[in-house]
Novice: 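Supplied in structure tokens, the structure appears directly below.
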There are 2 protein chains.
Amino acid sequence: MKRITIKDLAKFLSLSTSTISRALLDDKNVNLETRKRVLDAADQLGYKPNLTALNLKSGQSKTIGVVVPEMITPFSAKVLEGIQHVLYPLGYRLVITQSDENPLIERKNLQLLEDFNVDGIIINVCHETYNNDVYRRMMAQGTPLVFFDRIPDKSLDVSKVVVDDYISSSLLVEYLIKTGRKRIAHIMGPSTIRNAIERANGYKRILTKYNLADENLIIKTEGMSFEHGKDAVQQLLQRKVEFDSIFAFSDTLAIGAMNALLEHNIKIPGDVAVASFSGTELSTIVYPQLTSVQQPLVAMGEAAAELMLEKIKNRSAPCRTVLMDAVLVQRASTL
Amino acid sequence: MKRITIKDLAKFLSLSTSTISRALLDDKNVNLETRKRVLDAADQLGYKPNLTALNLKSGQSKTIGVVVPEMITPFSAKVLEGIQHVLYPLGYRLVITQSDENPLIERKNLQLLEDFNVDGIIINVCHETYNNDVYRRMMAQGTPLVFFDRIPDKSLDVSKVVVDDYISSSLLVEYLIKTGRKRIAHIMGPSTIRNAIERANGYKRILTKYNLADENLIIKTEGMSFEHGKDAVQQLLQRKVEFDSIFAFSDTLAIGAMNALLEHNIKIPGDVAVASFSGTELSTIVYPQLTSVQQPLVAMGEAAAELMLEKIKNRSAPCRTVLMDAVLVQRASTL
DNA sequence: ATGAAAGCGCTAACAT
DNA sequence: ATGTTAGCGCTTTCAT
């Protein structure tokens, strides 16, 4: 079952390998007749190009690294779907790594990807600044980096795909107010994640605008897990602060919060409405279904892949920021 | 920022590339002194081997394809974690594809992987027989295939990683009976999935053993989604068959079922207990938490990767079946 | 112990 | 329009 190479085709047709190569590449400098013969033979003998040889020739690894913070929610899977959708047809392979929300693991992952000679890395960071030195070094070495969702702090000029956290969270909070909620608690992610700050800012702005602000309503979590969401509610209850709704930084935190509420026999949305930010399928499989700001995850992945291709094509292309629209989807948890 | 090659090292140290190569490979035929100089220089100049060149030389793509039915639940992500854990350190890249429970998409995915010249494919099938011809052809061509979780029918001799569905489901059903349930409904997956049949058989055996069998208690679903789980409960209710518990084929179906129950104000586990098979994090984030048979997903991925390496090392190694232990984890949904 | 040379599969100058 | 040659980075015979 030996693989057929252009050499075999050359021998078979008594032509040189260059002619075979040219015919296969649709080069104009090849007789129409000859091209046809080559194509037929290729088909007949089952020729398939050797990507490795191509890559060696072109000096690329045709491998893109991806770093995501977690793979428990479908968030990353959806974005990956978009990335793959763009990159697979072009012959790119992926090395997907997950950091488990740990900057140190993220660092190791970046190192691993470097060892893989990746042509570029697409990243959703787990800490705003911790690995900046690595990002900076890699970019200096000519490895294109593209960020999505969670991005590094502004000291780094990078290509990125994001939604406007500030605006979207403002909209969501305003929506909660319109539905009659007045004591809106916020489960904010760790402040080492820029988006957590942005979303909290949107939240604060609206509460201030409606004169409903109260620092006691904000719980900053230490991490991003389901348990952190539960803890946040425990804390709210301990603080004895009144609240009739919760806006959580992410689906995971929101669902943890919902569980804590249900355990305390607090009705959703009767007693407390819950809303979140991200928009994974998770929000539709919990009961009651969760109102949330849905990010266009697949499209974000596609955009990130496109930005990567842009950078690969032209190393010195200027960094671009793609701003995607998020939409508020109302579900049972706030109705 | 040009990459350093062994050529550069050779020039730098006035040695031949062969000596450099040997030194780097710890070949005995190289002066200790020389080796040290080479290693130092490599370190100093920042030499990194070019994997593509290695691959071309060895005739491998160092790429493994993975086909999974879905990426919405963390099931596949966990298995992938195990696969990556074994394969990444060895320099293997992955091309991960998802079939969306559609045999036709699975077929396309296999084709794509073939185009990638993968060294092997690890698969969780979405249909017991539909793509048998492709599996067969690929294996005949010398591409190692390893299956996990859902496997093709017995007409194919393949390496695989599985749990004993029949036994595990028996245990689960017996457990439900021990907790006092007598009318146990079963939401069975499509019969184009071997495991659905196995688990249903385990279920039937125990019900028969305790004289509790009733064909009306079984709902065979058309698919594997959350919605199919909901529908199943609707059907049970329409049939007006009494039931005090549900054993679902998967977490997804179980959670869909739970939602339907809650919508009808049926208490879990008060009125109806719910249990499932799979063991993803999903079972711990729903309310109430879901009792389930937990498969050791990460370990399954590792085992699948090991089987793959075995086949890659020796194309004609006999096919092996790794049987993993699943454990029953009791949670609130049945207590 | 070291070097020279061939070759993995393919493309692209450079002939002709 | 087709062929010859070199070379991508590395390993590996075969010499020395």
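Worth knowing before you read on, the calculation uses all heavy atoms, side chains too, and leaves out hydrogens, waters and symmetry mates. Per chain, numbering begins at 1; letters A, B, ... match sequence-line order. Predicted model only: the values in this text are computed from it and were never measured.
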Novice: Compile the donor-acceptor pairs under 3.5 Å between side chains in residues 19-28 of chain A and protein atoms, sequence neighbours left out, one pair per line.
Specialist:
{"from": "A:Thr19", "atom 1": "OG1", "to": "A:Ser16", "atom 2": "OG", "distance (Å)": "3.2"}
{"from": "A:Asp27", "atom 1": "OD1", "to": "A:Asn29", "atom 2": "N", "distance (Å)": "2.7"}

Novice: Quick one: how far along DNA chain C does chain B reach, first to last nucleotide 5' to 3', anything under 4.0 Å to a heavy atom?
Specialist: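 That gives a stretch of C:dA1 to C:dG9.
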Novice: Roughly how many Å is it from CG in A:Asp27 to C1' in D:dA1, rounded to a whole number?
Specialist: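 For the pair A:Asp27 CG and D:dA1 C1', the rounded distance is 10 Å.
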Novice: Please list every donor-acceptor pair under 3.5 Å in which a side-chain atom of residues 49-56 of chain B meets a protein atom from a residue at least two apart or in another chain.
Specialist:
{"from": "B:Asn50", "atom 1": "OD1", "to": "B:Thr52", "atom 2": "N", "distance (Å)": "2.8"}
{"from": "B:Asn50", "atom 1": "OD1", "to": "B:Ala53", "atom 2": "N", "distance (Å)": "3.1"}
{"from": "B:Asn55", "atom 1": "ND2", "to": "B:Leu51", "atom 2": "O", "distance (Å)": "3.3"}

Novice: Excluding sequence neighbours, so at least two apart, what forms side-chain hydrogen bond (donor to acceptor under 3.5 Å, both in side chains) with B:Asn195?
Specialist: B:Asp165
Novice: Determine the contact category for B:Asn31: base if any of its heavy atoms lies under 4.0 Å from a base atom, sugar-phosphate if only primed atoms, P, OP1 or OP2 are that close, otherwise nothing.
Specialist: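 Touches sugar-phosphate only.
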Novice: Give me the bend of the helix from C:dA1-D:dT16 to C:dT16-D:dA1, using the axes of the five pairs at each end, rounded to 10°.
Specialist: 50°
Novice: Using a 4.0 Å heavy-atom cut-off, does A:Thr52 contact any base of the nucleic acid, only the sugar-phosphate backbone, or nothing at all?
Specialist: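 Result for A:Thr52 = nothing.
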Novice: Can you sort out the partners of A:Tyr135 under ring pair (Phe, Tyr, Trp, His ring centres under 6.0 Å), two or more places apart, ordered by chain and number?
Specialist: A:Phe147
Novice: Can you name the residues that form a salt bridge (Lys or Arg N to Asp or Glu O under 4.0 Å) with A:Glu70, not counting sequence neighbours?
Specialist: none
Novice: Could I get the full list of side-chain hydrogen bond (donor to acceptor under 3.5 Å, both in side chains) partners for A:Asp153, not counting sequence neighbours?
Specialist: A:Asn132, A:Ser155
Novice: Taking NZ, NE, NH1 and NH2 as the nitrogens, is one of them in A:Glu128 or A:Lys154 under 4.0 Å from a carboxylate oxygen of the other?
Specialist: no
Novice: Residues in salt bridge (Lys or Arg N to Asp or Glu O under 4.0 Å) with B:Asp119, at least two apart?
Specialist: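 Expected list: none.
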Novice: B:Arg137: what forms a salt bridge (Lys or Arg N to Asp or Glu O under 4.0 Å) with it, not counting sequence neighbours?
Specialist: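 Applying salt bridge (Lys or Arg N to Asp or Glu O under 4.0 Å) to B:Arg137 gives B:Glu114.
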Novice: Counting only pairs under 3.5 Å, give me each side-chain donor-acceptor contact of residues 79-93 of chain A, with atom names and distances, residues two or more places apart or in other chains.
Specialist:
{"from": "A:Glu81", "atom 1": "OE1", "to": "A:Lys78", "atom 2": "NZ", "distance (Å)": "3.4"}
{"from": "A:Gln84", "atom 1": "NE2", "to": "A:Tyr88", "atom 2": "OH", "distance (Å)": "3.2"}
{"from": "A:Gln84", "atom 1": "NE2", "to": "B:Ile96", "atom 2": "O", "distance (Å)": "3.2"}
{"from": "A:His85", "atom 1": "ND1", "to": "A:Glu302", "atom 2": "OE2", "distance (Å)": "2.9"}
{"from": "A:Tyr88", "atom 1": "OH", "to": "B:Ile96", "atom 2": "N", "distance (Å)": "2.9"}
{"from": "A:Tyr88", "atom 1": "OH", "to": "B:Ile96", "atom 2": "O", "distance (Å)": "2.9"}
{"from": "A:Arg93", "atom 1": "NE", "to": "B:Thr63", "atom 2": "OG1", "distance (Å)": "2.8"}
{"from": "A:Arg93", "atom 1": "NH1", "to": "A:Ser61", "atom 2": "O", "distance (Å)": "3.0"}
{"from": "A:Arg93", "atom 1": "NH1", "to": "A:Thr63", "atom 2": "OG1", "distance (Å)": "3.3"}

Novice: Would you mind building the protein contact string for nucleotides 6-16 of chain D? One character per nucleotide, 5' to 3', B for base within reach (heavy atoms under 4.0 Å), S for sugar-phosphate only, - for untouched.
Specialist: -BBBBBBB---
